[in-house]
Q: 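Below you will find the structure I want to go over with you.
Residue numbering restarts at 1 for every chain, and letters A, B, ... go by the order of the sequence lines.
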Protein chains: 2
Amino acid sequence: MRIGLLAKRTGCEVETIRYYEKEGLLAAPIRDGSGYRRYEGRHLEDLQFIRHCRSLGMRLAEIRILLNFRDQPHQDCEQVNRLLDAQIIRVQEQMLAMQTLLEQLNLLRAECVVRQQSVECGIMKTLNLAAKGEKCPCHE
Amino acid sequence: MRIGLLAKRTGCEVETIRYYEKEGLLAAPIRDGSGYRRYEGRHLEDLQFIRHCRSLGMRLAEIRILLNFRDQPHQDCEQVNRLLDAQIIRVQEQMLAMQTLLEQLNLLRAECVVRQQSVECGIMKTLNLAAKGEKCPCHE
DNA sequence: GTTTGACCCTGTAGTGACTACAGGGTATCC
DNA sequence: GGATACCCTGTAGTCACTACAGGGTCAAAC
């Protein structure tokens, strides 16, 4: 199949597929007489593997490691487990940070309820006072 | 004060301060005889304003808008409110996505409990099957 | 008087994972 | 023969920095 069909089948942009090839994640396929890429079933599978991992928030470098494991099935899978654990911890930490962020934003947002001149706006007042080093509701 | 002191006072990297100047967020200060930047109190305040907004996850483009509001105090603050609302929604959406992500990762992680050859590893097996289009626990 | 070290300058390139062209070639249908 | 849809390479842009390279300035210590 050609790149456009592969893209359609995986829900991936054509440019992204070429990018994965350039990055060494997806094997370069053979070319037809016109110089077009001709993909086989294994490319579809590889690309779906990559997209699946990406949908789990993994980085390309990590996916490269996982692809290696797939191709060397007798390696100890400890690294796979550690990789996933690291990813889980990363997501948990980001969620915690975002929770704090959301609380801060809501507190700041509550400073202004009515439409008014920005000089009277509680949000702007709070941001200005915080810039002067005073306490703000959003950071305690 | 010179850039190093400003950096220390705000917890901001020297390069970041120069970057904000280049991006037009922080006014260019006057230079002394050696060509060094000499900052005043207002620069400290501006930088703290910027860093405070950044700590709330706002983008530089949004901070630029907020800085404009600060300097035009008789503008209607409606846009400030909308900007904050958009930021809150963005964070909420990201948190929801991360929650789903975390659940998917945990389900995948549960596929492997013991250390073994990667060919036997439940995580690798699951990823491989998913790449073949089969159902995976992480995506239902 | 020179050397050391801390500070400052400009400018460019790199990060990650794409995305968006520009400028061209190819294939197929009408 | 022309329109359209597809494909190619290569480069630049995104965002908010970060990390140099290669140089200048200044004060204190030796």
Side-chain angles (χ1 to χ4, degrees), chain A residues 1-26 28-39 43 46-67 83 86-87 90-91 94 97-98 101, chain B residues 1-26 28-39 43 46-67 83 86-87 90-91 94 97-98 101:
Chain A
M1 83 195 88
R2 292 196 309 199
I3 199 166
L5 186 54
L6 182 63
K8 199 169 284 173
R9 283 210 195 159
T10 53
C12 189
E13 296 281 328
V14 165
E15 285 92 345
T16 305
I17 296 174
R18 287 197 283 247
Y19 172 70
Y20 289 158
E21 180 183 322
K22 206 182 64 179
E23 291 297 303
L25 278 150
L26 197 60
I30 54 163
R31 302 290 180 117
D32 67 13
S34 313
Y36 294 175
R37 290 170 177 84
R38 287 290 173 178
Y39 293 97
H43 291 108
D46 286 0
L47 185 52
Q48 272 165 349
F49 185 100
I50 296 168
R51 294 309 287 176
H52 188 217
C53 291
R54 282 294 295 138
S55 81
L56 292 169
M58 292 180 203
R59 297 169 186 169
L60 298 191
E62 293 169 333
I63 297 172
R64 208 172 275 124
I65 293 169
L66 290 177
L67 284 167
L83 200 147
Q87 171 71 1
R90 202 163 59 208
V91 173
Q94 276 185 35
M98 294 205 126
L101 197 58
Chain B
M1 84 196 88
R2 291 196 310 199
I3 198 165
L5 185 53
L6 182 64
K8 197 170 285 170
R9 282 210 196 161
T10 54
C12 189
E13 296 283 328
V14 164
E15 285 92 347
T16 304
I17 297 174
R18 287 197 282 248
Y19 172 71
Y20 288 157
E21 181 182 322
K22 205 181 65 175
E23 292 296 303
L25 277 150
L26 197 59
I30 53 164
R31 303 290 182 114
D32 68 13
S34 315
Y36 294 175
R37 290 170 177 83
R38 286 291 173 176
Y39 292 97
H43 290 110
D46 286 0
L47 185 53
Q48 272 165 348
F49 185 101
I50 295 167
R51 295 308 288 175
H52 188 217
C53 290
R54 282 294 296 138
S55 81
L56 292 168
M58 291 181 205
R59 299 170 182 166
L60 297 191
E62 295 169 332
I63 297 173
R64 210 172 275 124
I65 292 169
L66 290 176
L67 284 166
L83 200 148
Q87 171 70 1
R90 202 162 59 208
V91 173
Q94 276 186 32
M98 294 204 126
L101 197 59

Q: Glu13(A): what forms a side-chain contact (heavy atoms from CB on, under 4.5 Å) with it, not counting sequence neighbours?
A: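 With sequence neighbours excluded, Glu13(A) shows a side-chain contact (heavy atoms from CB on, under 4.5 Å) to Glu15(A), Thr16(A), given in chain and number order.
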Q: Report yes if the side chains of Met58(B) and Leu66(B) come closer than 4.5 Å at any heavy-atom pair, otherwise no.
A: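 Counting from C-beta outward, Met58(B) and Leu66(B) do come under 4.5 Å.
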Q: What's the shortest heavy-atom distance between Leu26(A) and Asp46(A), and which atoms?
A: CD1-CB, 3.6 Å
Q: Considering only heavy atoms, which members of residues 7-24 of chain B lie under 4.0 Å from some atom of DNA chain C?
A: Arg18(B)
Q: Nearest-Å distance, CZ (Arg2(A)) to C1' (dC8(D))?
A: 12 Å
Q: What is the separation between atom CZ on Arg37(B) and atom P on dC7(C), rounded to the nearest whole Å?
A: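 Taking CZ of Arg37(B) and P of dC7(C), I get 17 Å after rounding.
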Q: Decide side-chain contact (heavy atoms from CB on, under 4.5 Å) for Arg18(A) and Arg37(A); before the verdict, give the C-alpha distance in whole Å, the side-chain angles of both, and the deciding distance to 0.1 Å.
A: CA-CA 10 Å; Arg18(A) 287 197 283 247; Arg37(A) 290 170 177 84; 3.4 Å; yes
Q: With the threshold set at under 4.0 Å for non-hydrogen atoms, list the residues of residues 51-61 of chain A touching DNA chain C in residue-number order.
A: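 Per residue number, the list reads Arg51(A), Arg54(A), Arg59(A), Leu60(A).
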Q: Roughly how many Å is it from CG in Asp32(A) to P in dT26(C), rounded to a whole number?
A: 11 Å
Q: Pick from Gln87(A), Arg90(A), Arg64(A): which one makes a side-chain contact (heavy atoms from CB on, under 4.5 Å) with Arg59(A)?
A: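 Option passing the side-chain contact (heavy atoms from CB on, under 4.5 Å) with Arg59(A): Arg90(A).
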Q: What is the separation between atom CZ on Arg38(A) and atom C1' on dC6(D), rounded to the nearest whole Å?
A: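 To the nearest whole Å, that distance equals 11 Å.
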Q: Using whole Å, report how far CG of Leu26(B) lies from C1' of dC17(D).
A: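 After rounding, the reported distance stands at 15 Å.
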Q: What is the minimum heavy-atom distance between Leu101(A) and Ser55(B), and which atoms define it?
A: CD1-O, 3.2 Å
Q: Applying side-chain contact (heavy atoms from CB on, under 4.5 Å), run through Tyr19(A) and Leu25(A) and close with a yes or a no.
A: CA-CA 9 Å; Tyr19(A) 172 70; Leu25(A) 278 150; over 6 Å; no
Q: In this structure, which one of His43(A), Arg2(A), Met1(A) forms a side-chain contact (heavy atoms from CB on, under 4.5 Å) with Pro29(A)?
A: His43(A)
Q: Taking CZ from Arg31(B) and P from dG24(D), how many angstroms apart are they, rounded to a whole number?
A: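 That distance rounds to 17 Å.
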Q: Are OP1 or OP2 of dC9(C) and a side-chain N or O of Ser34(B) less than 4.0 angstrom apart?
A: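 For dC9(C), OP1/OP2 do not have a side-chain N/O of Ser34(B) under 4.0 Å.
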Q: Please give, in whole Å, the distance from dC18(C) C1' to Leu25(A) CG?
A: 13 Å
Q: Nearest whole Å is fine: how far is dC15(D) C1' from Arg90(B) CZ?
A: 12 Å
Q: Please assess Tyr39(B) against Ile17(B) for the test side-chain contact (heavy atoms from CB on, under 4.5 Å), listing each intermediate value before the final yes or no.
A: CA-CA 11 Å; Tyr39(B) 292 97; Ile17(B) 297 174; 3.4 Å; yes
